[in-house]
Amino acid sequence: MAHKKVNLPQKTCPVCQRPFTWRKKWEKDWEQVIYCSEKCRRGKGKVDEV
C-alpha cells in the first residue's frame with residue numbers, strides 16, 4: 001500500500017529561501033530544524049545570490 005504525502009508541515013530555509021518539507025528523520029526535533037540541508041547549515045553565514 002502506497003503512502004500519500006499530503007499536508008506535511010513546511011518551513012523556508014533562511015539561506016536558500018526554498019521551502020522544505022517535514023522528514024521522518026526530523027520527527028522528534030522538527031521544532032529545532034532550521035536549514036533544509038547540511039550544505040545550507042554550513043553556509044549559514046553567507047547567503048548565495050541567485
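Numbers here are sequence positions counted from 1. Note that these values count all heavy atoms, side chains included, but never hydrogens, waters or copies made by symmetry. Note that the coordinates shown come from a computational prediction; the quantities given were computed from them, not determined experimentally.
- The structure places CG of Asn7 at 13.0 Å from CH2 of Trp22, a figure rounded to the nearest 0.5 Å.
- Across all non-hydrogen atoms, the minimal contact from Trp30 to Thr21 is CH2-C, 4.1 Å.
- Nearest heavy-atom pair across Lys11 and Glu31 is NZ-O, 3.7 Å.
- The CZ atom of Arg42 lies 8.0 Å from the OG atom of Ser37; values are rounded to the nearest 0.5 Å.
- From Ile34, atom CD1 reaches atom CZ of Arg41 across 10.5 Å, with rounding to the nearest 0.5 Å.
- Judged as a salt bridge (Lys or Arg N to Asp or Glu O under 4.0 Å), and not counting sequence neighbours, Lys28 has no contacts.
- With sequence neighbours excluded, the residues forming a salt bridge (Lys or Arg N to Asp or Glu O under 4.0 Å) with Glu27 are Lys24, listed by chain and number.
- For Gln32, there are no side-chain hydrogen bond (donor to acceptor under 3.5 Å, both in side chains) partners, not counting sequence neighbours.
- Here the closest non-hydrogen pair linking Phe20 and Val33 is CE1-CG1, 3.7 Å.
- A distance of 8.5 Å separates CZ in Arg23 from SG in Cys36, rounded to the nearest 0.5 Å.
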